[in-house]
Amino acid sequence: MTTTTPKTGTSGSTPAPADQVTFTIDDVEVAVPKGTLVIRAAEQIGIQIPRFCDHPLLAPVGACRQCLVEVAAPDREGNVRPMPKPQASCTLEATPGMVVKTQRSSAVADKAQHGVLELLLINHPLDCPTCDKGGECPLQNQAMSNGRGTSRFHDVKRTFPKPIAISTQILLDRDRCVLCQRCTRFSEEIAGDPFIDLQQRGVKQQIGIFDPGVLGFAGSEPAEVYRGVQPDGTPISAATGLPSTDPADPAGPAGMATVDTSGRPFASYFSGNTVQICPVGALTSAAYRFRSRPFDLVSTPGIAEHDSNGAAIRVDHRRGVVLRRLAGDDPAVNEEWISDKDRFGFPWQGLADRLTAPMVREPGADGTRGELRPASWAEAFEAAAEGLAAARAAGGVGVLPGGRLTMEDAYAYGKFARVALGTNDVDHRARPASAEEEAFLGHHVAGSRMSVTFADLEHAPTVLLVAFEAEDEGGITFLRLRKGVQGGRTKVFSVAPFASRGLERLDGTLVQAVPGTEPEVLDAVGTSSESSVSAVAEALGPEAVILVGERLATVPGGLSAVLRLAERTGARLAWIPRRAGERGGVELGTLPTLLPGGRPVADPQARVDVGAAWDVERLPAEPGRDAEQILAAARSGELGGLVVGGLDPADLPDPAGARAALEAVGFLVSLEVRASAVTELADVVLPVAPPVEKAGTFLNWEGRPRPFPQALTSTSMADHRVLDALADAMDVQLGLATTTEVHAEIDQLGGWDGGRVAAPAAAAVEPPALGAGQAVLATWHLLLDAGRCQEGEAFLAGTSQRPVARVSATHADRLGIASGQGITVRTPRGQVTLPVAVTPMADGVVWLPTNSVGSAVRRTLGVDAGAVVEVAAASTVTTATTAADDGGTL
Amino acid sequence: MADDDITRRDQAGEVGAPRPAAEYESLLPGKSGLGEILAPAAGFGVTFASMFKPTVTEQYPYEKVPTKPRYHGRHQLNRHPDGLEKCIGCELCAWACPADAIYVEGADNTPDAQFSPGERYGRVYQINYLRCIFCGLCIEACPTRALTMTNDYELAGPTRRGMIYEKQDLLAPLGDGMLAAPHPMVPGTEDDDYYRGDVAGPVPEQIDWVAQWRPEDESLAALRPAGHEQSEAR
Ligand code: SF4
Ligand code: SF4
Ligand code: SF4
Ligand code: FES
């Protein structure tokens, strides 16, 4: 630390601008913007004031009193007068002429800080050896730097029974808590989820849950404490695993949880952040409890692979095993928060079904397809090259890379398809999609990097969500929106069938739309005087932002209507897909009509451009088939082969048809991390590296490149390297073996300022007429569901939402069911039975989670949002657990 | 002997130091008379004299001589009097180790598998004796006195792998009246009671628990007199 005055232009002789205040800390003059807290100003000149409750992203409270400093300020006459008592520097705004003395120059401040620490430690347990925070604990550190070496307290410490499971993931050791309220403030200010709060008084004051057992009221059963996990990772406590069964309110967490301040079982997608910001080891996560120490861990920065936000994370690993992930600090993207899915959903990368060696199919002697057997890379490449050459001759090869690719991998898939396979049949969209969407992406999204950013969401006066559930499909996008709303800057509208809990927490206004009628509603904005849309019409201006989700692709005319709306109002439009690789795929050419940089395949100049960069004479000029057409062509034998990346047939609009296509196709190459439904049908399986085992770059929904280094040492290869080698075996040089080569080529190719794909102008279709007992299906993915990338984490699964079906009150009456009773949704293909939650929404609509336990809509029902389904009261009341067995799902 | 007793000579002992230019000149006073004549053989006097002194050679490995009681030998992971392990897997020993010889992984104690008092136990415990320098800092760091050093110094082996001692190699053998872990803590106690030494040995509940879940356990035999099982039907 330095004690010299920093040579900033604003200090000293130059007078500070009007909105700056100049004051001194420890005899150093500082100039800071008006309103700056003293503790922040001190940080700027490198003076560390000890603190617990202060957090730059939370409102100041002054709860812990650890940051006391001695302050003197000029009075009305301008005489600098000392304040009578030390002041908390985290709640104190700097004023001109203030004289602050921290522990470094003031014995009074130092003594005050020692006193506070001593008080904090009086009842603090001697838990450090077993405490997860040990080694990275601000209390430990500050007790050493600003506390007494020995304790003068020789009495019995107050204790509480050991950890209470707030949810299956979050555990609370009340006696370690220093009552800083960071966790409660996070839940209130940032996430908007009711959590736990301070209760009791004096020495018994504790952060906790309003449970008579916890509070020790006479006659109550003592609260259940967490009892650990089995060595194989299964939770054993009764407080985990079982769904809470409140018939009146079937929504809520899937696992047991304690009640929150609103009296409901605690459920939050962001609760993991409280573990990270708790300055002591009071809040811990069941997944990481007792697993390691900070000095064991090697930390590598990373980017979360679960959604299209590209949140910065820190991957902590030991001996080649990832033990935890923490939020990274990136003010431009995720600030310091990540969703629980990003935080805890990492075990999938190391599960036992990881593919480690290439496999080729050994044809059976009896002419059957035979079995897969491990092979060398050379053999596998040769087999794949031969098979693909034959398949190309027999009609062509389609490429389905899947939506989770890094930019580098997406680029390689696009180039591989065009150069090695000579086709534009490549589509990364492993979800319901449409030609209209393809045109929308080519017209509006490709090449429009960073037109809307996270910061814009927080500052836009109006944000309109269309087919986008901010919390479930957006993760931390929701937190940014909420920050704007909380700051009084942003007003949120959502075109959706009902107001979700997420929308309520955004103080959002629902613009009700039955699935399929979104184009109608959007077209009405600004053109009709209907009261439901007039508020939106008024609020939408050039400063406004429209966020559209990938689901709108399933609504004919939806994206066309959104484009029209944006044009009409001047609002900026951003497309937020769910998967991490979608935006990268759009930009780097894994769509049948787009070459890298948003160059339309149909544009001869674009083809020449790319062909020159790729050093090939000509590129295929025919726009290719999209994913559904590729699968249909494979099924009918039109295509001779398929190259499939990380894609789960169950995510496709027609899982059964996709499976049939994979079975029927002549030659199937699979590039996968873990054994999947594609693996068992493949002729050649090439294992590829998961994100922790490769370096790469995700392109988030803003279009912001999010590069990440390789965290674990590994022999696995990234997709682009495997494709490069495979092309080599086919005598084609892709030149994409290393990320450096890929980057060089992308840079060389540069952007495209030529024409874009024309805007889509698809017509909306009339909503179908409903017969008796029928309803329109509304559906979207919950953030935590039965997805393959969340496997292997039982604690996280316990914090997911219990799957429920939603219908309106009138609708429920008509069906003769009440909340908590079973409802069956049926199509000719199958049926889903879930407990119903009566929700204010349009009659004649039933909502189901797309892919939750017991509710695999696409796989079981074979339909998507907007479809007409049969609805009936379930013959027997079924809970989510038994529904899972019925549906025969995961 | 303090350092200042030694007078350093310039350049003494330095490799490659230039030889002193002057002729060698002994600083000892020379002998004279008979002494000077016998001087060449006088050195043998020491040899002859030792022939009549007791031998100090140790016939290791045929005879093993005990070390001093506080000799730093192989580590040991101790147990509480009821047989539960003292180690809580806190990794403080690993942290303290200057040679990075210790590797620990903690895990949850559960009602079905309670290895140590409290919530946490050491699931993996390894000491690499190719690295350990026997400084004893780990012993000082251990908060539960789980880790101590024995006087066993015979630490040599042909393989690297064999020199990494695992938890089962380091755990103290069960003492008299101890019951092999895992088994529940003494009912009504907390980990603090164990640390204070309030637990003197296994209680019948613990013995019954082991009898129920691991009837073949060898440590049971000493604790349950024959014929006792029948009377203790559950
Ligand atoms: S919170 Fe910090 S000081 Fe308290 S027991 Fe845990 S590591 Fe020790
Ligand atoms: S649990 Fe942690 S974050 Fe919450 S009040 Fe206590 S110390 Fe602060
Ligand atoms: S031996 Fe002691 S210091 Fe080492 S992990 Fe066990 S309890 Fe901790
Ligand atoms: S940090 Fe200032 S009162 Fe807590």
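In the text below, chain A, chain B and the rest are named by the order of the sequence lines, each starting its count at 1.
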**Report entry** Side-chain touch R120(B)/P129(A), heavy atoms, less than 4.5 angstrom
**Finding:** no
Query raised in the report: Is atom CD of E154(B) surrounded by more than 12 heavy atoms (other residues, nucleotides or ligands) closer than 6.0 Å?
Result: yes
Query raised in the report: Cationic tip of R319(A) within the cone over Y103(B)'s six-membered ring, i.e. under 6.0 Å and within 45° of the normal?
Result: yes
Report task. Looking only at non-hydrogen atoms, find the nearest pair between R291(A) and A107(B) and report the distance. Result -> NH1-CA, 4.1 Å
Query raised in the report: To the nearest 0.5 Å, how far apart are CG in D192(B) and OG1 in T159(A)?
Result: 8.5 Å
Report summary line: Checked P143(B), A94(B), C90(B), G89(B) vs chain A; the most non-hydrogen pairs under 4.5 Å come from C90(B)
Query raised in the report: Got a second to check how far R293(A)'s CZ is from E105(B)'s CD, nearest 0.5 Å?
Result: 13.0 Å
Requested in this report: Calculate, to the nearest 0.5 Å, the distance between atoms CD1 and CZ belonging to I88(B) and F290(A) respectively.
Outcome: 9.0 Å
Report task. Spell out, as yes or no, whether a donor-acceptor pair under 3.5 Å connects the side chain of R289(A) to the backbone of D108(B). Result -> no
Query raised in the report: Atom CD of E91(B) and atom CG of D296(A): how far apart are they, to the nearest 0.5 Å?
Result: 4.0 Å
Report task. Give a yes or no on this: more than 12 heavy atoms of other residues, nucleotides or ligands lie within 6.0 Å of atom CZ of R145(B). Result -> no
Query raised in the report: Is E190(B) atom CD crowded by more than 12 heavy atoms from other residues, nucleotides or ligands, each under 6.0 Å away?
Result: no
